[in-house]
Visitor: 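Handing you a structure now.
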Amino acid sequence: MRVGYCSPFNPMKSGISDFSEELAIALAEHMEIVIFSPVMPENKAIQERFECHLLDDLDREKLRASLDVIVYHIGNNGTCHGAIVDMLEKYPGVVELHDVGLHHLFAEHTLQKKGQAAYLELIRYCHGERGLQCAQAFFQGTAGAPWDTQGLELCMNRLIIEQATAVIVHSDMAKQMVLGVRPDVPVAHIMLHSDVTDNSAAYKRQCRERLAIPMNRTVCGSFGFATRTKRIIPILDALKLAAERDRLDFLYLIVGEAHEDLELARQIQARGLEGNVQITGFTDLDTFKAYIGACDFCLNLRYPTLGESSASLHRMLGMGKPVIVTDIGTFSEYPDEIAQKIRYDSHEVDDIYQAVCTLAKGGKSRSERRSQAALQFARENCDVQKNALRYKLFFEQVLHATWQPDFCDVMAGRLCELGLTERTYTQHIGELLFHL
């Protein structure tokens with residue numbers, strides 16, 4: 001099976017670039033992968049192992065005809081994915097939907113390329129008169145940008161789902177939203193992959209030695225592009241409480257570029273945490289992994305959410321890290337024994353403080369249980385080699401038209417059609433019916 005793999009690759013700064021480099025290598029054990037990217041991959045291992053093309057080469061009919069399956073990786077970023085969206089429109093294929101909310105993508109790409117009228121037409125197509133009115137209010141200066149204020153409610157993914165021959169998602173939330181748009185589309189829920197370490201304690205020691213971090217210090221971290229939605233400021237507030245009330249000696253790592261509007265240096269200084277916080281800036285993937293490995297536990301907060309799944313969260317689980325997550329969207333799906341969930345209302349700072357203290361002072365046996373639970377979850381759901389086989393099966397089902405919907409999804413969809421429940425709750429009801 002020859003698969004056209006359309007995705008950003010490094011040097012494009014995107015978590016999906018890192019994701020694709022790892023996944024393509026695993027998939028290549030089971031199928032022939034032909035890479036198509038908006039820029040040529042810079043990774044020498046990728047260049048040497050794969051047939052690589054610029055994305056525009058898909059316009060070559062003979063090359064395109066040589067492919068059995070084309071898969072388009074689409075995330076919520078116009079720079080990285082705008083050209084991929086255009087290619088999907090011309091040559092429909094399998095969509096790997098990394099974000100449920102695609103409003104930033106389409107606002108950036110459509111406004112820049114086709115103008116305001118085309119954007120208004122698209123939001124009306126996806127979300128009717130209400131969506132149109134929200135967009136018009138923004139352009140008239142009477143409301144905020146809908147991609148910022150209502151990015152999940154006005155998610156703008158309808159066109160992508162309708163153009164797809166099949167869809168791959170990374171959460172049950174995303175799966176149910178896709179089926180809500182198009183109940184008949186073949187859809188597969190494949191979790192984001194991660195490496196899974198054999199010995200998390202030994203790996204932590206190795207990473208701390210590499211980064212010169214003492215073993216006797218409590219280390220936690222937030223990973224990826226640091227924005228307000230990652231809840232960095234509430235985390236700093238909570239850590240200040242831990243330092244003052246509990247005399248907790250900790251190092252908080254902020255690994256990745258920080259959005260300038262956070263003014264992180266000023267925020268850290270205002271809380272007296274200069275000796276407790278390290279901002280690394282952008283790092284290469286290997287160093288990024290090392291910083292995760294050095295942590296005792298990690299924070300992966302998100303509010304508001306666009307229905308995204310987090311690749312860095314799965315890397316944390318694969319290294320046996322207990323995690324603190326916001327109890328919202330896809331993050332609510334993770335088992336409580338591996339993900340400590342906090343509220344995103346007025347209780348947020350206190351919830352973060354309590355979670356940090358629980359994980360920092362919970363004792364070795366409790367920490368080991370949570371670490372082992374994280375590793376077991378990752379082995380079952382996130383191992384890249386197992387995931388490669390899941391992709392292979394789904395591609396074959398799509399290629400040979402043998403895919404069959406899941407019983408629970410069929411029952412849930414029927415309940416939705418009868419008006420007995422909303423689509424977001426149907427999966428749990430379908431599972432209940434299955435067991436009955």
Side-chain angles (χ1 to χ4, degrees), residues 14-15 74-82 85 97-161 171 173-174 176-178 180-181 222 224-235 237 257-264 267 300-310 325-332 342-349 351-352 422-424:
S14 166
I74 295 178
N76 193 27
N77 181 295
T79 301
C80 292
H81 301 278
V85 166
L97 196 61
H98 289 266
D99 297 291
V100 170
L102 298 177
H103 207 138
H104 280 90
L105 162 65
F106 279 107
E108 178 184 355
H109 187 59
T110 307
L111 284 170
Q112 287 182 357
K113 190 171 182 179
K114 300 179 182 178
Q116 183 175 317
Y119 167 74
L120 291 173
E121 180 181 347
L122 181 59
I123 195 171
R124 183 175 185 174
Y125 179 77
C126 290
H127 299 290
E129 291 301 318
R130 182 179 173 280
L132 178 62
Q133 290 169 7
C134 291
Q136 289 173 330
F138 164 68
F139 289 120
Q140 292 164 3
T142 60
W147 49 88
D148 287 330
T149 60
Q150 300 174 80
L152 184 57
E153 185 180 1
L154 303 176
C155 55
M156 297 283 276
N157 60 27
R158 177 182 172 185
L159 192 61
I160 291 294
I161 294 169
S171 70
M173 174 187 173
Q176 298 309 319
M177 291 189 75
V178 167
V181 173
S222 296
F225 188 40
T227 64
R228 292 194 180 276
T229 63
K230 299 286 186 68
R231 315 309 292 160
I232 303 298
I233 303 305
I235 291 171
D237 288 336
E257 293 186 55
H259 198 288
E260 59 184 18
D261 74 350
L262 285 180
E263 298 182 308
L264 273 184
Q267 299 283 2
N300 199 298
L301 306 186
R302 206 70 57 94
Y303 182 78
T305 178
L306 295 176
E308 68 274 27
S309 297
S310 170
V325 301
T326 307
D327 193 5
I328 192 172
T330 63
F331 301 96
S332 297
I342 61 127
R343 293 167 285 186
Y344 49 89
D345 54 16
S346 60
H347 300 279
E348 181 180 31
V349 172
D351 280 5
I352 298 171
E422 294 181 12
R423 185 84 222 181
T424 50

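The analysis underlying the following values was restricted to heavy atoms, covering all of them including side chains, and did not include hydrogens, waters or symmetry mates. Since we're looking at a predicted model, the values are computed, not measured.
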Visitor: What pairs with E257 under salt bridge (Lys or Arg N to Asp or Glu O under 4.0 Å), at least two apart in sequence or on another chain?
Guide: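 E257 satisfies salt bridge (Lys or Arg N to Asp or Glu O under 4.0 Å) with K13 once adjacent residues are dropped.
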
Visitor: Taking only residues two or more places apart in sequence, or in another chain, which ones meet H347 in a side chain to side chain donor-acceptor pair (under 3.5 Å)?
Guide: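 Per chain and number, H347 pairs via side chain to side chain donor-acceptor pair (under 3.5 Å) with no residue.
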
Visitor: Sequence neighbours excluded, which residues qualify as ring-ring contact (aromatic ring centres under 6.0 Å, His included) partners of F139?
Guide: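 Expected list: Y119.
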
Visitor: Could you list the residues that satisfy salt bridge (Lys or Arg N to Asp or Glu O under 4.0 Å) with E348, not counting sequence neighbours?
Guide: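 Per chain and number, E348 pairs via salt bridge (Lys or Arg N to Asp or Glu O under 4.0 Å) with R231.
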
Visitor: Among all residues two or more places apart in sequence or in another chain, which pass the salt bridge (Lys or Arg N to Asp or Glu O under 4.0 Å) test with D261?
Guide: R228

Visitor: Check side chain to side chain donor-acceptor pair (under 3.5 Å) between N77 and all other residues, then give those that pass, not counting sequence neighbours.
Guide: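 Listed in chain order: nothing, the list is empty.
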
Visitor: Sequence neighbours excluded, which residues qualify as side-chain contact (heavy atoms from CB on, under 4.5 Å) partners of A258?
Guide: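 Checked A258 against side-chain contact (heavy atoms from CB on, under 4.5 Å); matches are A226, L264.
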
Visitor: Determine which pairs satisfy side chain to side chain donor-acceptor pair (under 3.5 Å) with at least one residue from residues 137-149, sequence neighbours left out, and list them in order.
Guide: H104-D148

Visitor: For residues 115-143, pull every pair meeting salt bridge (charged side-chain N to carboxylate O under 4.0 Å, His left out), keeping only residues two or more places apart or in separate chains.
Guide: R124-E129, R130-E153

Visitor: What residues, two or more places apart in sequence or in another chain, satisfy side-chain contact (heavy atoms from CB on, under 4.5 Å) together with H109?
Guide: D86, K113

Visitor: S310: what forms a side chain to side chain donor-acceptor pair (under 3.5 Å) with it, not counting sequence neighbours?
Guide: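 Side chain to side chain donor-acceptor pair (under 3.5 Å) list for S310, sorted by chain: N300, S312.
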
Visitor: Taking only residues two or more places apart in sequence or in another chain, which ones pass side chain to side chain donor-acceptor pair (under 3.5 Å) with E260?
Guide: none

